[in-house]
Amino acid sequence: MRTSLAAGLAASLFALAAPAWAQDFTARLPIGCTPGKDCWAFQYPDVDPGPNRQDYACGKLAYDGHDGTDIGLASLAEIERGVPVFAAAPGTVKGVRDGMQDALVSEIGKEAVKDRECGNGVLIEHGDGWQTQYCHMRKGSLAVRSGQQIEAGAKLGEVGLSGSTDFPHLEFIVRKDGKTVDPFRGDQGGPDCGIGKKPVWDTMARKALAYGPAPYHIGAAARPPKYADVQKGAFESDTLPGAAEAVVLWAEFNGLAPGDILHMTLTGPDGKVMATKDQPMDAAKVRQFLYIGKKRTLEWQKGEYTGVASVERKNGLGAGKRELRYSFTVE
């Protein structure tokens, strides 16, 4: 999303000389989690110069004007574990903002964050025209100050929900000479689709943030769940009561493209399949929520139930099948 921390702080902050080490700029992963396991790349910078949207892989995982890489957590409840945000490269802190509340912008309204869409964040100068920005950080977590010189990997704060956002994530933005640079493509261009000639991300970050769809959040519920409740962590228990009105398996998927096939299966303690579903995607979607299940007719069989959520892509970047398994107990 378009952010305004840089513009909002520029008038009160000073320019800094370019240090020699900034000539060959690379960025490490700026978040303390494992992509594909407990955090996921959700959206990328929009590289289309017009009114349409396109990510670096010629997909649609961006929206018009989006200038950052969004690395998100599974749910709002994950904020509480304190996922750290790190400096992607050495530099000098040009600006810091803290004190904005962690809240869903859909609930507080966009006017509440007008001209502060980045939320709590940090702006770092790396010299030679390079700059990185870190947005939507947790209130009260900022650990650096303006003017401070820092090394790569220095803790800046924690992932939060401040600014213009409806899911907990770090938005990481790279600029060169004031212009946004997609860290997957770099500032020297490259093929029409795919990694650029000289990407900003280092090798480890590129591998960690590999492009492709995935199921990323899975759980069980005793009734058909509302997505808003799933986002807020209402169904995180691994145990359902024997008198539950239903046994439901739910899952969230990200990074989807037309032709991707979503699959879910719910199996009971006796090994019999209780519910299954296949859903082909007919459009690109950053996130998709699905659930399957069965309403109670008799008492539920006690024991361990198993759920599987998978997504398969036949062709193109990110092709393959990715699966997420989950077990829960009915008492």
Side-chain angles (χ1 to χ4, degrees), residues 1-9 29-35 37-44 63 65-88 93-124 132-146 148 150 154-173 216-217 219 225-237 250 252 254 286-287 289:
M1 60 195 66
R2 295 192 184 279
T3 52
S4 59
L5 178 60
L9 295 170
L29 191 69
I31 187 170
C33 56
T34 304
K37 182 179 180 181
D38 56 0
C39 61
W40 294 264
F42 281 87
Q43 295 188 108
Y44 305 92
Y63 60 81
H66 188 241
D67 54 6
T69 302
D70 292 348
I71 305 172
L73 309 181
S75 70
L76 302 182
E78 291 293 288
I79 295 176
E80 297 303 317
R81 66 184 173 95
V83 179
V85 175
F86 301 120
V93 178
K94 184 179 179 182
V96 173
R97 178 164 57 220
D98 200 349
M100 293 181 66
Q101 64 178 317
D102 292 290
L104 298 169
V105 72
S106 59
E107 294 183 353
I108 64 174
K110 291 188 176 181
E111 282 299 312
V113 298
K114 186 177 181 181
D115 298 326
R116 300 181 300 163
E117 287 85 356
C118 175
N120 303 317
V122 178
L123 186 68
I124 300 176
T132 57
Q133 186 173 348
Y134 310 74
C135 296
H136 312 302
M137 294 171 67
R138 187 180 184 181
K139 180 181 178 181
S141 75
L142 278 289
V144 293
R145 65 183 185 282
S146 182
Q148 181 178 348
I150 55 174
K155 183 178 178 180
L156 305 178
E158 297 175 357
V159 176
L161 190 72
S162 59
S164 184
T165 182
D166 267 334
F167 70 104
H169 73 286
L170 169 69
E171 181 176 13
F172 176 72
I173 304 168
Y216 70 92
H217 193 199
K226 294 182 179 179
Y227 182 50
D229 292 333
V230 169
Q231 281 186 298
K232 294 177 181 179
F235 303 105
E236 299 294 335
S237 175
W250 55 262
E252 294 183 83
N254 84 297
V286 173
R287 289 186 289 178
F289 175 63

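These numbers come from a predicted model, not from an experiment.
Inter-residue side-chain proximity for Pro30 and Tyr134 is flagged as met; some heavy-atom pair is nearer than 4.5 Å. At least one side-chain heavy atom of Val230 sits less than 4.5 Å from a side-chain heavy atom of Trp250. A heavy-atom distance below 4.5 Å is not found between the side chains of Thr165 and Val105. At least one side-chain heavy atom of Met100 sits less than 4.5 Å from a side-chain heavy atom of Arg116. Between Asn120 and Val96, every side-chain heavy-atom pair lies at or beyond the 4.5 Å cut-off. For the pair Val159 and Ile79, the minimum side-chain heavy-atom distance is 4.5 Å or more. Ile108 has its side chain within reach of Val113: a pair of non-hydrogen atoms, C-beta onward, lies under 4.5 Å apart. The closest side-chain heavy-atom distance from Ile173 to Thr132 is not below 4.5 Å.
In this structure, the side chain of Glu80 does not engage the main chain of Ala77 through any donor-acceptor pair within 3.5 Å. A donor-acceptor pair is defined here as one N or O able to donate and one able to accept, closer than 3.5 Å; such a pair exists between the side chain of Asp98 and the backbone of Gly140. Proximity of a side-chain donor or acceptor of His66 to a complementary backbone N or O of Tyr44 within less than 3.5 Å is detected. Distance alone, capped at 3.5 Å, places no donor-acceptor pair between the Gln231 side chain and the Asp229 backbone. Ser162 places a side-chain N or O within 3.5 Å of a backbone atom of Met137 that can act as its donor or acceptor partner. Asn254 places no side-chain N or O within 3.5 Å of a backbone atom of Val286 that could act as its donor or acceptor partner. A donor-acceptor pair is defined here as one N or O able to donate and one able to accept, closer than 3.5 Å; no such pair exists between the side chain of Arg97 and the backbone of Val122.
Here Leu170 contributes atom CG and Cys33 contributes atom SG; the two are 8.5 Å apart, rounded to the nearest 0.5 Å. One finds the SG atom of Cys118 at 7.0 Å from the CD atom of Glu171 (value rounded to the nearest 0.5 Å). Rounding to the nearest 0.5 Å gives a distance of 10.0 Å between NE2 of His169 and CD1 of Ile31. Once rounded to the nearest 0.5 Å, the distance linking SG of Cys39 with CG of Leu73 reads 7.0 Å. Here CD of Gln101 is found 9.5 Å from CG of Leu161. Values are rounded to the nearest 0.5 Å. Within the model, atoms CD of Gln43 and CG of Asp67 stand 11.5 Å from one another, a figure rounded to the nearest 0.5 Å.
For Glu107, the side-chain hydrogen bond (donor to acceptor under 3.5 Å, both in side chains) test picks out Lys232, with sequence neighbours left out. Judged as a salt bridge (Lys or Arg N to Asp or Glu O under 4.0 Å), and not counting sequence neighbours, the contacts of Glu158 are Arg138, Lys155. In terms of the salt bridge (Lys or Arg N to Asp or Glu O under 4.0 Å) criterion, residue partners of Asp38 (sequence neighbours excluded) are, by chain and number, Arg81.
Residues Lys94 and Ser146 come closest through the heavy atom pair O-OG, 3.2 Å. Residue Lys114 comes nearest to Glu117 through the heavy atom pair CA-OE2, 3.9 Å, listed as atom of the first residue, atom of the second, then distance. Shortest non-hydrogen contact noted between Gly121 and Leu142 is O-CD1, 3.9 Å.
Geometrically, Arg287 engages Phe167 in a cation-pi contact, judged by NZ or CZ lying under 6.0 Å from the ring centre and within 45° of the ring axis.
Note: Tyr216 and Phe42 have perpendicular aromatic rings, judged against thresholds of 30 and 60 degrees for the angle between ring planes.
In this model, a donor atom of one side chain and an acceptor atom of the other lie less than 3.5 Å apart for Glu236 and His217.
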